[in-house]
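Working notes, structure below.
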Number of protein chains: 2
Amino acid sequence: MNSAANALQQTDDSAETGAQQIRDAIRDAIVERRLSPGTKLSESDVGNLFNVSRTLARAALQALSYEGLVSVEKNRGAFVAYPSPDEARQIFAARRLIEPGILREAAARITPSEIQHLKQLLLEESRLISERGQTARRAEIKASGDFHLTLASISGNTIMQRFMDELVARSSLVIALYGQSTISSCGHSEHGDIVGAIERKDLDHACHLMVHHIAHIEADLDLRERKGQGLKEAFDL
Amino acid sequence: MNSAANALQQTDDSAETGAQQIRDAIRDAIVERRLSPGTKLSESDVGNLFNVSRTLARAALQALSYEGLVSVEKNRGAFVAYPSPDEARQIFAARRLIEPGILREAAARITPSEIQHLKQLLLEESRLISERGQTARRAEIKASGDFHLTLASISGNTIMQRFMDELVARSSLVIALYGQSTISSCGHSEHGDIVGAIERKDLDHACHLMVHHIAHIEADLDLRERKGQGLKEAFDL
DNA sequence: ACGCAAAATATCGTATACAATTTAGCCGTA
DNA sequence: TACGGCTAAATTGTATACGATATTTTGCGT
């Protein structure tokens, strides 16, 4: 068993809905960075880990490839996606393009109880930041994304919600690859500022904050071409 | 063989890339409205039509479900998607949210040769409008969407391009279901206006035109809940 | 003649089996 | 020793087989 095994061993039982279960488990593992970019996910290994046939494993991997989280190469296998710097830029460009619009929609229809929910998310987030340990780090990564996803869900547009699901998940991969500061959620306070602006119904300011927030995350990346990955250039410098 | 058979018989040979080929063939059939919303696509039938096993047929249908073009119901089968009025609204809300941003990106990096390409698309489009016959109608539907997709491709963001692929395809379904005027591309001249604004580097005006263009398409829809679908209510009036 | 229950049919869900392709190791030769 | 081709192992691509679930039909009783 390769390194992927350790990262996945936790939800091997329960085949409730079939392939979806497996897909979700692997996606969580990728988003929480228990699986590193480039890791090979062979159909047999995945199937064995979850005690299902290759058929279901294949279906799950296929699904993840549609979300851009794994790349399947014909006759070679599936790998946890290894986004190039250019892909990374496109992901964040897409978020800058989309999220202000989502924010406007969400702010227009947000209810008091939903505002409360958002604030609770912020609390949970800061609690995790103060905590130490790897599981807290992972939970923090997920919580940071959940803020953006919750906003999308409040917007009421399930299509945009799905797009955001994909973008947030892929962002996690990009940060894992190119992030510099130990914690990507340095901009936690920015989440709070955005909620504040929403509460005051200051949409323009909220959008402004959102765009800058995304820019800050992107600014923390070192997007220089890394030919690493086993290329000869790794030995030149 | 059911009604789906006739609509698909054209690319049954050549199994080049496997499931992708089938997926694309079915998608084209849906987008060009040779397959009506609600049509049943059983795995066996699809497999037989393309002379492949159910495995590949299933993979293709699964892929289409991720794009929202077919809905698979557990233990019942796959059907060409039948978007509800609410889904339809969400699709167009998403387009209004996304396309102005894409347009800005595209206009910023567009080259003279790409402008030429766009103009050629417009010419082709008006040629098809003047022509008569069902094949011309189908080509016209596709050409109308191609305008928006070309803009997305010019924007250089492959992720947004994929989102637009999905939205345009699903729009075709919505128009097939709820469109009123015989031809949905009544707004062909609006495409030309947008290109004109891009050429003059008047981004704000171009975005303005784009938003209204999308609104016009949506305005041509009758999004009242239709319980029809073969229900007894069809005979009451 | 109508309605309900049970069998028959059709279709999907999953597993297993075989074919094709790639990758890695091995050996012979220059 | 270095190189090239060949064989064998591993992995994916596709097909078939079997079991589960939903739908339709049939037949019986009222």
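The chains referred to below are lettered A, B, ... by the order of the sequence lines, with proteins before strands, and numbering in each begins at 1. Heavy atoms only: backbone and side chains are in, while hydrogens, waters and symmetry mates are out.
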Close N/O contacts between protein and nucleotides 20-25 of chain D (under 3.5 Å):
from	atom 1	to	atom 2	distance (Å)
dT23(D)	OP1	Arg76(B)	NH1	2.7

Review point. Where along residues 53-66 of chain A does a heavy atom come under 4.0 Å from DNA chain D, residue by residue in number order?
Key: Arg54(A), Arg58(A)

Review point. Does CD belonging to Gln134(B) count more than 12 external heavy atoms closer than 6.0 Å?
Key: no

Exercise for review: Send over the distance from Gln20(B) CD to dG13(D) P, rounded to a whole Å.
Suggested key: 11 Å

Practice item. With salt bridge (Lys or Arg N to Asp or Glu O under 4.0 Å) as the test, would you mind laying out the steps for Glu166(A) and Arg162(A) before giving the verdict? Key: CA-CA 6 Å; Glu166(A) 174 176 335; Arg162(A) 198 157 48 71; over 6 Å; no

Check your understanding: Whole-Å distance between dT16(D) P and Glu43(B) CD?
Key -> 15 Å

Exercise for review: Check the surroundings of atom CD in Glu73(A): do more than 12 heavy atoms from other residues, nucleotides or ligands lie under 6.0 Å from it?
Suggested key: yes

Exercise for review: For the residue pair Leu167(B) and His148(B), establish whether any side-chain heavy-atom pair is separated by less than 4.5 Å.
Suggested key: no

Point to revise | Test: Asp28(A) and Lys142(A) ion pair at under 4.0 Å | key: yes

Point to revise | Leu151(B) CG to Leu118(B) CG distance, which is reported to the nearest 0.5 Å | key: 5.5 Å

Practice item. Would you confirm whether Arg95(B), through its side chain, and Gln90(B), through its main-chain N or O, come within 3.5 Å as a donor-acceptor pair? Key: no

Point to revise | For atom CD of Gln21(A) and atom C1' of dT14(C), their distance in whole Å | key: 15 Å

**Study point:** Heavy-atom side-chain proximity of Phe163(B) to Ile98(A) below 4.5 angstrom
**Key:** yes

